[in-house]
Every structure is written in structure tokens, then in C-alpha cells.
Amino acid sequence: MIPGSDNIKERLFSIRELPTIPAAHDSILKLIDEGNYSLDDLSGLIERDQVLSGKVLKHVNSPFYGLYSKVASVGKAIVLIGSSPIRGIILSTSLFNIADKELPGMWDHSYCCSLVSGFLANRFNMKDIGEIITAALLHDIGKVLIRKQLAEESAEIDKTAQSDGIPMIDAEKMIIDVTHDAVGSWLAGQWNFPSIIKDIIAYHHKPGLCRAYSKEAAIVHLSDIIVKGIGVAPPMDRFVPLFDEQGWKKLALPEDELTDILSEVIDIIEAESSFSQYLSGRKDER
């Protein structure tokens, strides 16, 4: 029996207790949401935040985009990336800072998933690549709210996942009777993200259950598995889940093609210097 599960859900799903977005980031998000903005206005606001500017430039200069020369301008980065991934970078930067002490490595994992998801979305000729990248950046955002609101229960979730050798999502279900995918999808709804992003977050562990965007959710699901399998993950959340059978059918990916994809993905990840701390063991094994 789960103690006080109704109270737990009330503590989680309380609008008054949503993680606070820094005022500067909130201004940028409002400008994007309004839609009627100039490139100079948007880039000017982003450039005021050195950390945010750095992450935007890091993203556009990642191997995924395959640019021949480095982009040094935030304005040019916005044009190349698009507003949806920019929005995801802003929110993930703001919220993952909240959980940095409790979940070190979450930004690295989510950012790596976004690179892999973008690569796979391009490989599958998906039309909503920007939204898929955004959803990948935010797929674990529910963990932030759980950590912020339920500190004692979060410690028990970690302990259960480690001692029982089970995925964190299963430990969440056991301890609090609600999982980070549901919490994350709810958060995405509160921030008025489109349904494709909400659905991918909601079903990134079970894409076969997603009706409208099952292939998109399967791409993020596969990315999550690949990235965890390589080792880019928070230390308390490195359990590599099995691939959802129905989601795999949605991708219809031949085994020989998967081998080629894995090889290309590893090259993309290894080209990112920020992931070297996770990959050093893999290189030593080669």
C-alpha cells in the first residue's frame, strides 16, 4: 500500500508550487510565445545570460547540425535551431539547475538525448524535428518536480531503485504511485507546449501506447536507451530499460541498419567533449 498517495499527488500537481523560472528566462519565453518578435530582440535577451547563450551556441555547434564552420552569433543560432528547441533549452537550463545537486548529470543526459533524437528524426525523415529535439531535452523534466516537492520520497525512490536493481520509473510507481513521465507531461501542459511535446514526454517509456505521436515518442525512447547504454546518465539513474516492443514495431528498423545507426550515434556523442567523462571507460575497453 502506498502511504498518502492522494496527498502526494496534491503536493505534486499544485500550480502554486511549480518550479520558478528566473525572471530573465521568463521574459524570453513570453517573447517567443507572443510570436511577434524581432531576431535582435530575442537574441539580445538571450545574450544577457552567459550560461544560456553558451548552451544555445553549444547546441547549434553540435555534430548533429554538421556545420562547416562554428556559429558564434546567438542570432544566427536562433535562425538555424528554431524557436521550439530554443524554448526547450531555456526551460531545461532553468529547471535542471534546481535539481543539479540532487540529479547531477541530468542536463548532460537530456542534452545528449536531444542530439541523438535529432539525428534519428532526420534519419526517419520526420517533419517535426524541432519538437522532437525539444521533447528529448525535457523528457525527464518530471523528475525535477518530484525532487523539489518530495525530498524524502525521492531519497526512498533512489534507495529502492538501487537496492532492487530496477528502473527509477518503477521505483517511483512503488513509492509515490505516480511517475516522472506523467508529471513531466503535466508540466509541459502548464507551460502550453504543443500536444506533440506533451505526448512524447508522457510516453517516452511506452511509445507503443501513444496514439497520435507514437513514432516520435519511440525515437526519444530509443535515444534514451542508447544514451543510457553508452553511460551518459545521472549516477543514480543508469539502469538501461528494455525497448518497448510496440514502439520498436513503429520504427520498423532492420537490425543491420540499427548497427549502422549506433555507430554513427557513438561518433556524434564522442565528438562532444563534454561527454568525455562518461565515455572514458568505453574508450579504454576498445
Side-chain angles (χ1 to χ4, degrees), residues 13-62 64-65 67 70-100 106-108 110-111 113-115 117-118 121-122 126-145 148 183-202 213 216 220:
F13 300 113
S14 169
I15 295 177
R16 290 174 300 175
E17 297 177 349
L18 279 176
T20 303
I21 304 297
H25 291 187
D26 190 49
S27 297
I28 302 170
L29 291 172
K30 286 179 179 177
L31 190 65
I32 293 174
D33 289 343
E34 289 170 0
N36 186 24
Y37 60 83
S38 72
L39 186 60
D40 287 342
D41 288 342
L42 182 56
S43 60
L45 285 176
I46 293 174
E47 285 168 351
R48 293 178 188 175
D49 187 315
Q50 290 184 343
V51 173
L52 188 57
S53 296
K55 288 188 174 180
V56 168
L57 292 175
K58 176 184 175 69
H59 190 80
V60 75
N61 287 310
S62 69
F64 162 66
Y65 288 95
L67 302 176
K70 290 288 184 181
V71 174
S73 159
V74 171
K76 186 174 181 180
I78 293 170
V79 172
L80 291 169
I81 294 175
S83 61
S84 182
I86 291 289
R87 200 165 185 254
I89 291 170
I90 294 166
L91 271 174
S92 57
T93 298
S94 299
L95 298 178
F96 289 162
N97 284 344
I98 294 171
D100 185 54
M106 179 178 273
W107 163 262
D108 287 340
S110 298
Y111 171 59
C113 280
S114 74
L115 294 183
S117 293
N122 189 58
M126 306 298 289
K127 64 177 182 178
D128 297 312
I129 296 179
E131 284 72 19
I132 293 170
I133 289 173
T134 302
L137 273 170
L138 298 172
H139 74 282
D140 277 341
I141 206 70
K143 293 178 181 176
V144 176
L145 189 59
K148 181 177 182 292
V183 176
S185 180
W186 177 78
L187 276 173
Q190 296 301 310
W191 286 310
N192 296 314
F193 273 103
S195 57
I196 179 174
I197 294 175
K198 290 187 290 185
D199 279 8
I200 292 174
I201 294 173
Y213 304 102
E216 290 86 348
V220 175

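This one's a predicted model, so the numbers in the text were calculated from it and none came from an experiment. If you read the sequence from its start, that first residue is 1, and numbering goes on from there.
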Inset, instruction - Decide yes or no on side-chain contact (heavy atoms from CB on, under 4.5 Å) for Ile200 and Glu131, but give the supporting numbers first. - result: CA-CA 9 Å; Ile200 292 174; Glu131 284 72 19; 5.8 Å; no

Practice prompt. Please step through side-chain contact (heavy atoms from CB on, under 4.5 Å) for the pair Ile32 and Ile86, ending with a clear verdict.
Written response: CA-CA 9 Å; Ile32 293 174; Ile86 291 289; 3.9 Å; yes

Derivation and outcome, side-chain contact (heavy atoms from CB on, under 4.5 Å), residues Tyr213 and Ile197
CA-CA 9 Å; Tyr213 304 102; Ile197 294 175; over 6 Å; no

Self-check item: Verdict with reasoning, Ile141 to Val144, per side-chain contact (heavy atoms from CB on, under 4.5 Å)
Solution: CA-CA 5 Å; Ile141 206 70; Val144 176; 4.2 Å; yes

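Here the CG atom belonging to Asp108 is positioned 11.0 Å from the SG atom belonging to Cys113, to the nearest 0.5 angstrom. Between the CD1 atom of Ile28 and the OG atom of Ser83 there is a distance of 13.0 Å, given to the nearest 0.5 Å. Distance check, rounded to the nearest 0.5 Å: CG of Leu91 to CG of Leu138 gives 6.0 Å. Between Leu80 atom CG and Ser73 atom OG the span is 9.0 Å, to the nearest 0.5 Å. To the nearest 0.5 Å, the span separating NZ on Lys198 from CG on Leu187 amounts to 12.0 Å. Between His25 atom NE2 and Ile90 atom CD1 the span is 7.0 Å, to the nearest 0.5 Å.
A donor-acceptor pair under 3.5 Å is formed between the side chain of Tyr111 and the backbone N or O of Lys58. Checked by atom type and distance alone, the side chain of Ser117 never pairs as donor or acceptor with a backbone atom of Ile133 at under 3.5 Å. The main-chain N or O of Lys70 is never found under 3.5 Å from a side-chain atom of Asn61 such that the two would form a donor-acceptor pair.
Using a 4.5 Å cut-off on side-chain heavy atoms (C-beta onward), Lys76 and Val79 make no contact.
For the pair Thr134 and Phe193, the tightest heavy-atom approach, listed with the atom from each and the gap, is CG2-CE2, 3.8 Å. Across Val74 and Leu57, no two heavy atoms sit closer than the pair N-CD2, 4.0 Å. Nearest heavy atom pair, residue Gly88 against residue Leu137, reads C-CD1, 3.9 Å. Scanning all heavy atoms of the two residues, the minimum distance from Ile81 to Val56 falls at CD1-O, 3.7 Å. Ser114 and His59 make their closest contact through OG-CE1, 3.7 Å (heavy atoms, listed as atom of the first residue, atom of the second, distance). Here the shortest heavy-atom pairing between Leu52 and Asp49 reads N-OD1, 2.9 Å.
Shown here are the salt bridge (Lys or Arg N to Asp or Glu O under 4.0 Å) partners of Lys30, two or more places apart in sequence or in another chain: Asp26. Remark: Ser27 pairs with no residue by the side-chain contact (heavy atoms from CB on, under 4.5 Å) rule, at least two apart or across chains. The side-chain contact (heavy atoms from CB on, under 4.5 Å) search around Ser110 returns Phe96, Met106, His139, not counting sequence neighbours.
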